[in-house]
Structures are given as C-alpha cells and as structure tokens.
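Just so you know, these numbers use all the heavy atoms, side chains as well, and skip hydrogens, waters and symmetry mates.
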There are 2 protein chains.
Amino acid sequence: MSPIQGTRTGGRSARVQQAVHDAVRDLQSERSRSELSVPLVAQHAGVTPSTVYRRWGTLQELLADVARERMRPDDPPDDTGALDTDLKAWARLYLEEISSSPGREYVRDLVASEGEENSEQCNRYCQVKIRAILDRAARRGEPHPDADTVTDRVTAPIVFRVFFSQGDPEPEWAETLVDKLLADL
Amino acid sequence: MSPIQGTRTGGRSARVQQAVHDAVRDLQSERSRSELSVPLVAQHAGVTPSTVYRRWGTLQELLADVARERMRPDDPPDDTGALDTDLKAWARLYLEEISSSPGREYVRDLVASEGEENSEQCNRYCQVKIRAILDRAARRGEPHPDADTVTDRVTAPIVFRVFFSQGDPEPEWAETLVDKLLADL
DNA sequence: GTCCTAAACGCAAATTCTTAGCTTTAGCTC
DNA sequence: GAGCTAAAGCTAAGAATTTGCGTTTAGGAC
C-alpha cells in the first residue's frame, strides 16, 4: 500500500525528482539565481519543462524544495563534552552555513516560497540538532535551557542578522549569543 | 547640482513611480500574489510594461520596493510612561503587523529581493522606533538595554517565529519576550 | 526664458516562458 | 502478464520578458 492513495513515489517519478534536484544543484553552483529558469533546469535534467511545471508549479517552489533537502541534518552535532562548547560550536557552524553565499540563497528560497511547510520543516531540522545537544547536557546533569529558548536567543538572532543587518557578522558573535543565554539561566 | 549625477527625481519619473506603486498596492488588496504580473501592474498604472522592467527589473524587485515604503515608520511609538509598557505595546503591534496576511507578504517580498538594501532599510526603520522608546527610558532615568539587544531578543524572535514556526504566535507571547529581556538586565 | 543633453518613456518585434490538451509510457494491483 | 491510471512526453497557443529604436521631457547652462 502506498502512503498516499494514488500518489506514485517510486520508479520513474523518483528518478525524475532526483534528476531535477541534481540539475538544480549543478546549475546553482555555476550560475547566478537570475540565470536559472525552468526550461534550463529541465534540459539539464533530461525532462520536458511541462513535467517540472506540473510537479513544482514554479521555479520558486522547486528551489524551495531543493533548499529544504539541503538543510536536512546529516550528522549529529559534535560532542565536545560540555553544553557551553557544544552550543558554541553549533552556533558558529550554523552562522557560517547560512551567511555563506549559497546558504543565504537557500534561506531566501525557503522564505520566498508560497507555502510555509518548507520553512517550518527547516526549523524542525534545526531543532533536532539543538535537542541532541540539550539531551546530552541533561544526561551530564548540566543545567540547560529548553529548545525554544535556544531558538529565540541563538537561531533567531543569527538568521535575522544575516538577512536584515548590513555586513557579515563575525563567527565570534554567535558565541556571545550562547554566552549571554547561559549567563541568564 | 543634483544629488546623483544624471538621475531624474521629479516630474514624469516621479509621477510614474507613484502611479506604479499605487497600482501595486491596489492590486495587492484584491488579488493574490500569484495573480500579479508586470503587465497587469503596468496596465493599472497607465504605463507600458517595458517601463516597469527597465526601472525595477523584475516584479520581485518592484514588490520589495513597495514593501519597503510601507514599512517606513509613520508615527513615533506611543508613550505609555514606562519602558516596560512602551516596549510591550510596540512588540505587540509589531507582531500583529508582520503576522497579518499582508505583513507576511511584505517581509517575504523584502527577503526574496536580490539586493539586501531593502531588508536592511526595513530593519533601520524598526530600530528608529526602538531607539525612540529607549531614549525616553534614558530621559526618565530607567535602566535600559541597547537597541541591538532589543533587536536580538524581541524583533528577531518575532520575525523568526512568524516565518519558521507553524501556527500563529499569540500577541501575549511578544510581551513575554520583553519581560524576559528586562528581567535579565 | 531658451537651448542642449541625456535620462526615461512608449512602441513594437523577437525571444523566452507558461499553460492546456492530448498521447504515450511505465508503475502498481490483481 | 493484463488492465488500470498516475505521471511523463509532445505540441501548439497564449502570456510574459527582453531588446532596439524613436520620441518626450527633466534638469542644467547660458
């Protein structure tokens, strides 16, 4: 039985999805956003444009779909032995990731997409990592904030500053956010 | 001598800009984002599409330009007599504004635009209001955080939650952000 | 006020993107 | 493996975008 009645998830459909995603990633690495188009992606993927239009609707939605995939957490965050250093290492990495040129594009694509599922999913991925760090702290018996507080005091300021303030924040700034958070516990 | 060599700011150019902005606002109030197009806006504004393309480049950039205009601060925030209540009133209003359906669209349009000038300008508008509140607190002799701290602890979480968390936050939640900020002073 | 220059607009042709209808292919169930 | 149908391919019509060129007009100089 398939997960959703009458929706095909394997075989050709899966291959097309894979080919289109790969094409987007390839093209993103060598062309600017304004040079991308549905027909171009379709050609590189070896499918017809109408297939892409039917499945994703617009280039924007396709880009958001690809961005969400790229944000999927791969490895659990490094265990440095203490909450303070775990959170700082993660915050630093996160800031570097989303302030990088491709990182900005991904977040931009997520926010620009019509529905909010993609952005929400992305935040959930983020919280998975945060919770892994907090769980370790709990097991060590360290006092720790909850995941929502970390989101409000570390993740949110990082994302906000990258998108709404001029100039790139220094990696150290992410660590000061963690310092302040832990000082207020 | 004109401010920027060879850039026209008055007369016909100004009228066209006004007409196009007005057309966008009119259309936004009665149509969904996906129904907007450059030719449609141009027609309502009584100009040719090529004029819009040449001045703004894409629909996205035009929408970001309009959104920035709408975010411009109008009145100074209400003076309720104390920092705590001033900040809470502002935070509540801000949350309501950007979590509203048109508000979300404006922020979306800002972030989606190519350059970052529009988003940055928007944050500056926001900080103008925050600073007005903090200045009043300073004059009253109240202890107060700096504007960047308010941005990190109130503005950023509000924006982040509206765009990356599912479900609409309650207005009261914005006030708790202020409570926590002031408690940690 | 008049003239000059170039920025900005209008128009229209050429190109590219998007959509819709129909046909074909290939997963899935039995 | 036969039948069913979602999803892909194909093609043509329609819409949006880009571009070149002529015209208008704002802004500065005299």
Should A:T51 be listed as having a side-chain N or O under 4.0 Å from OP1 or OP2 of D:dA8? no

Could you tell me whether A:D79 atom CG has more than 12 heavy atoms of other residues or ligands within 6.0 Å of it? yes

Could you tell me how far apart A:E35 (CD) and D:dT18 (P) are, to the nearest whole angstrom? 13 Å

Start with the C-alpha gap between B:H21 and B:D65, add the side-chain angles, then the distance that decides, and say whether side-chain contact (heavy atoms from CB on, under 4.5 Å) holds. CA-CA 9 Å; B:H21 275 221; B:D65 191 34; 2.9 Å; yes

Please give me every residue in residues 19-33 of chain B whose heavy atoms get under 4.0 Å of an atom in DNA chain C, ordered by residue number. none

Output a table of nitrogen or oxygen pairs between the protein and nucleotides 13-16 of chain D separated by less than 3.5 Å.
| from | atom 1 | to | atom 2 | distance (Å) |
| --- | --- | --- | --- | --- |
| D:dA16 | OP1 | B:S37 | OG | 3.4 |

Euclidean distance, atom CD of residue A:Q43 to atom P of D:dA8 [Å, nearest integer]: 19 Å

Do B:I130 and B:V154 come within less than 4.5 Å of each other through their side chains, counting heavy atoms only? no

Scan the side chains in residues 159-167 of chain A for donor-acceptor partners under 3.5 Å anywhere in the protein, sequence neighbours excluded, and list what turns up.
none

Which pair of non-hydrogen atoms, one from A:M71 and one from A:G103, has the smallest distance, and what is that distance? CE-O, 4.5 Å

Taking protein heavy atoms under 4.0 Å as touching, what does nucleotides 20-26 of chain D look like 5' to 3' if B marks base contact, S marks sugar-phosphate-only contact and - marks none? BB--BBB

B:Q127 meets the side-chain contact (heavy atoms from CB on, under 4.5 Å) criterion, sequence neighbours left out, with B:N123, B:R131, B:A147, B:D148, B:T151

Just wondering, do A:R153 and B:D152 contact through their side chains at under 4.5 Å, heavy atoms? no

Counting N and O atoms only, with roles assigned by atom type, does the side chain of B:D86 sit under 3.5 Å from a partner on the main chain of B:T80, one being a donor and the other an acceptor? yes

Go through B:C122 and B:R68 one step at a time and tell me if the side-chain contact (heavy atoms from CB on, under 4.5 Å) criterion holds. CA-CA 6 Å; B:C122 195; B:R68 179 174 48 70; 5.6 Å; no

Apply side-chain contact (heavy atoms from CB on, under 4.5 Å) to B:V107 and B:V111, showing your working. CA-CA 6 Å; B:V107 180; B:V111 173; 4.3 Å; yes

Which Ile, Leu, Val, Met, Phe, Trp or Tyr residues join B:V66 in one cluster when any pair of side-chain heavy atoms under 4.5 Å counts as a link? B:V16, B:V20, B:V24, B:L27, B:L36, B:V38, B:L40, B:V41, B:V47, B:V52, B:Y53, B:W56, B:L59, B:L62, B:L63

Here the distance between atom C1' of D:dT17 and atom CD of B:E61, to the nearest Å, is 15 Å

Mapping B:L59 and A:R55 onto DNA chain D by nearest heavy atom, which one lands closer to the 5' end? A:R55

